[in-house]
Amino acid sequence: MKFTTSLIALSIASAITPNLVTAEESDIEVITVTSSRMGKPVSAIPNTVTIIDREQLEQQFRTTKDLSTIIGNLAPSFSPSRQKMSNTGETLRGRPPLIMIDGVPQSNPLRSGGRSGQTIDPAMIERIEIIHGANAMHGLGAQGGIINYITKKPTGNNEHQVSFDVTVPNNLESDGISFGTSYSFSGESDQLDMIGSVSYRNNGVYYDANDQMIGVDTTQGESMDSQSADLFIKLGHNFDESRLELMVNHYNMENNGDYMAVTGDKENDIPTGAIKQEQPWEAANNQVTTTSLTYTHENIAGQQLHLQFFNQNFEAVYGGGCWSDFYDPSMEGSDQVTVCGTGANGESLYYEQSRNKSVKWGMKASMIANNIADSGMNLAYGIDIFRDTTEQDMLVSGASWVPESTYENIAPFAQLDYDLIENLTLSGGVRYEYAKLKVDDYKTMYGYGDKEIEGGSPDFNETLFNIGASYQINPSIRLYTSFNQGFGMPDIGRVLRDGDSFPDENPSIDDSLALTPIVTDNIEFGADYQGEHFIAKIAFYRSSTDYGSRMVEKEDGSGSFVVKREKSIIEGIESNITAYIGDNDDVGVNIAIQNGEYDSNDDQSVDTDLDGANISPNRINLFWTHNFDNDISTRVQANFFMDKDFKDASNEIYSRFDGYTTVDASVAIPVYKGTLSIGIQNLLNEDYYTYYSQTVGKDTRYFKGMGRTATIGFTMPF
């Protein structure tokens, strides 16, 4: 395993800084991590944890509302944002994370269409909890870790808040202007507390540093030239020792479909562009409704109960194209399809587009017993039940691309923490995953083999373990180590729709090894220092799986991808320090370095670098915040993305990433009873191609990054 250590050093900045008190004040942290299933403080978790609180979110909102960009700014092991509607290729520690809203999974295990990052407006979020590295705390999907968006809670006071913001590009073109607004209210009575919010956002087109319009992704989905709206409400009632809470969030994002792509030329350094032309199909869109009903009880025979029922209705429409993939001789002359061209063999090409539909239901039940019989042991145990029904169909012809598939999962678990001696906490847990996939008989589309596939109900079971230790050397220094296993599935939809995934004779769901689950092992060693004048963290991790899942583009030029099942290993270092200079200044830097390889020839030895869809660039993030005595605050941050070469088994470079640097600056000024903010993203107007475009994108997705933009916003409570 190749790994470069020349850049390893303690860095500066911590995403959890605002939530901690200094060691001289107290050795107890203020915030607990609800995503841990035990409500632990950060210092009790033997993993790297990032907490992005509301104050930090507000600082980032001054320059961008893109959640992927925000997470990357504060947790650099997360991939650079694609700046599109799709988040395909955005990984945490080189593997896909499980994205949740208040513990409700947003990721789609059966057909990962790359839209799980577009299910909530940032205005609804109170904080973001990120647990780095594979784990099974919430079951399926957390191969790279957990990103949990914690929504706002009632404040206990009757109050309202409105906010407005406008973003303009460097060239001041009117079609590049974006704007957004939100309104929220919070209140309570003797019987009920509630909080609600509604937001609307209209994005203009994006321009690069040369004032040229950035290309549109008319297939996977485009965030520029789009509109989004979010409706959020949370109702709660407190009993003597318990609480019942209902949360509903409905999010809708639609591209306007007013622009078409102009194909670029990657070899000759010509970016993909865009022209104003109405798309001849339904523009890409997302519609997601997330519902959660939670009941907690503080004392049931001395234990705490947490019970959650949840549902998510997800629908994602992908943009269209003139495709050869969807040619079917039986459709010749049909009124159902529109011919848009002729293929190399004289076959008709059709306008076509697809839609993912997914309905999730689930229950999470857990009990927590603290300090059992004064022994220093804390026990959490419970059971998770999950059901997901997914289908991908074609909007024009009505054909089924991925047959309706139902995934059912039941997982009992137990987690134990034990204070063995003073300042030493040992933890260990086990989770048993039983899953069944149900698919009826179906036929692949003509362009994907035209095969009759026998349905079936294959089942899977895995027993997952974790063990960890955390030792507090003194009130300022902690060492920790852990071993965690994560459980995931390959993109089942891609496997089912591709006839090449099955043998030519007697193809059957039950016989497909490509549907085997992914078990990821994550080993981590870390150290934290928390002092009066600075805090520091450093962690080394190794993530490995013997039968991973990697997306590979077909060599036929169709732009379609297939699933490859291979061994892979990822190693990396995350490090950060924040230094407090006087009473008003914080200065810091985050560093994330990682390298990943896969087994290209099935000899159980990794030999080829994972590409940009599976691994993040090495990255350094710097920041400086200053608070003036008159409550004006400023922030300057810089992101350094380092050059990276990707080599194959022969040590030949097969892909190259040219790094770049972006700088953002912002200021917040109290005005009347509110706050006026001014932010500039890409302050130096850096000209660059995005990481995904350089490492994965072809001529049709060779996109420049956004040039300089200025945002002015105003927020006022009343």
Side-chain angles (χ1 to χ4, degrees), residues 79 82 85-92 94-99 105-118 134 139-144 219-221 286 312 314-316 318 325 354-360 386 388-394 400-407 409 435-439 442 444-445 448-449 453 458 460 486-502 509 512-520 545 547-554 558-568 598 610-615 692 696:
S79 296
R82 288 184 61 182
M85 188 183 293
S86 172
N87 66 321
T88 297
E90 294 179 3
T91 60
L92 179 63
R95 301 195 188 277
L98 172 62
I99 298 176
Q106 305 296 295
S107 305
N108 295 301
L110 298 190
R111 176 63 189 96
S112 178
R115 296 284 187 82
S116 57
Q118 299 285 357
L140 185 71
Q143 299 167 55
T219 305
Q220 291 189 353
N286 253 24
Q312 187 210 46
F314 175 92
E315 182 176 303
Y318 297 87
D325 286 41
S354 69
R355 170 179 56 189
N356 277 0
K357 295 181 291 185
S358 179
V359 178
K360 301 183 184 70
F386 179 73
D388 184 335
T389 300
T390 291
E391 179 184 13
Q392 186 174 16
D393 62 356
M394 313 307 294
S400 175
W401 196 7
V402 175
E404 183 174 278
S405 313
T406 299
Y407 177 89
N409 173 245
K436 178 178 287 189
L437 177 67
K438 298 179 180 179
V439 183
Y442 71 99
T444 64
M445 296 183 69
Y448 286 79
I453 308 297
F460 319 96
F487 177 78
M489 294 292 290
D491 192 328
I492 291 173
R494 289 188 184 271
V495 174
L496 296 182
R497 76 189 192 188
D498 185 11
D500 293 340
S501 300
F502 301 92
I509 293 295
S512 176
L513 294 177
L515 297 174
T516 304
I518 304 165
V519 176
T520 305
T545 178
Y547 202 48
S549 176
R550 186 175 62 93
M551 302 307 303
V552 179
E553 187 171 0
K554 287 185 175 181
S558 65
S560 299
F561 288 78
V562 295
V563 178
K564 294 285 189 180
R565 305 303 308 274
E566 302 152 331
K567 179 177 181 177
S568 64
Y598 68 91
L610 290 166
D611 66 12
N614 299 275
I615 203 80
Y692 186 89
V696 182

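Because only heavy atoms are used, hydrogens play no part in the values below, and waters and symmetry mates are left out as well, while side chains stay in. All residue numbers refer to positions in the sequence shown, counting from 1.
Considering only residues two or more places apart in sequence or on other chains, Lys436 meets the salt bridge (charged side-chain N to carboxylate O under 4.0 Å, His left out) condition with none of them. Applying the side-chain hydrogen bond (donor to acceptor under 3.5 Å, both in side chains) test to Ser354 and every residue at least two apart in sequence or in another chain returns Gln392. Ser107 meets the side chain to side chain contact (heavy atoms under 4.5 Å, CB included) test with Leu98, Ile99, Ser116; sequence neighbours excluded. Partners of Arg550 under the salt bridge (charged side-chain N to carboxylate O under 4.0 Å, His left out) rule, at least two apart in sequence or in another chain, are Glu566. Listed by chain and number, the residues in a side chain to side chain contact (heavy atoms under 4.5 Å, CB included) with Pro96 are Gln143 (sequence neighbours excluded). For the side-chain hydrogen bond (donor to acceptor under 3.5 Å, both in side chains) test, residues two or more places apart in sequence or in another chain that qualify with Glu90 are Ser68. Among residues two or more places apart in sequence or in another chain, the side-chain hydrogen bond (donor to acceptor under 3.5 Å, both in side chains) test is passed with Arg355 by Asp393. Partners of Asp388 by side-chain hydrogen bond (donor to acceptor under 3.5 Å, both in side chains), not counting sequence neighbours, listed by chain and number: Ser358, Thr390. Arg115 is linked by a salt bridge (charged side-chain N to carboxylate O under 4.0 Å, His left out) to nothing, counting only residues two or more places apart in sequence or in another chain. Residues meeting the salt bridge (charged side-chain N to carboxylate O under 4.0 Å, His left out) test with Asp491, sequence neighbours left out: Arg111, Arg494.
A heavy-atom distance below 4.5 Å is not found between the side chains of Val402 and Tyr442. Inter-residue side-chain proximity for Trp401 and Leu496 is flagged as unmet; no heavy-atom pair is nearer than 4.5 Å.
Annotation: the span from Gln220 atom CD to Tyr318 atom OH amounts to 8.5 Å, rounded to 0.5 Å. Atoms CE and OH, on Met489 and Tyr407 in that order, are 5.5 Å from each other to the nearest 0.5 Å. Here the CG-CG distance, from Asn356 to Asn286, works out to 9.5 Å after rounding to the nearest 0.5 Å. Atom CD1 of Ile615 is separated from atom OG1 of Thr91 by 6.5 Å, given to the nearest 0.5 angstrom. The CZ atom of Phe386 sits 6.5 Å away from the CG atom of Leu140 when rounded to the nearest 0.5 Å.
Judged by distance alone, with hydrogens and angles left aside, the side-chain atoms of Arg565 form no donor-acceptor pair with the main-chain N or O of Pro490 at under 3.5 Å.
For the residue pair Arg95 and Thr545, no side-chain donor N or O sits within less than 3.5 Å of a side-chain acceptor on the partner.
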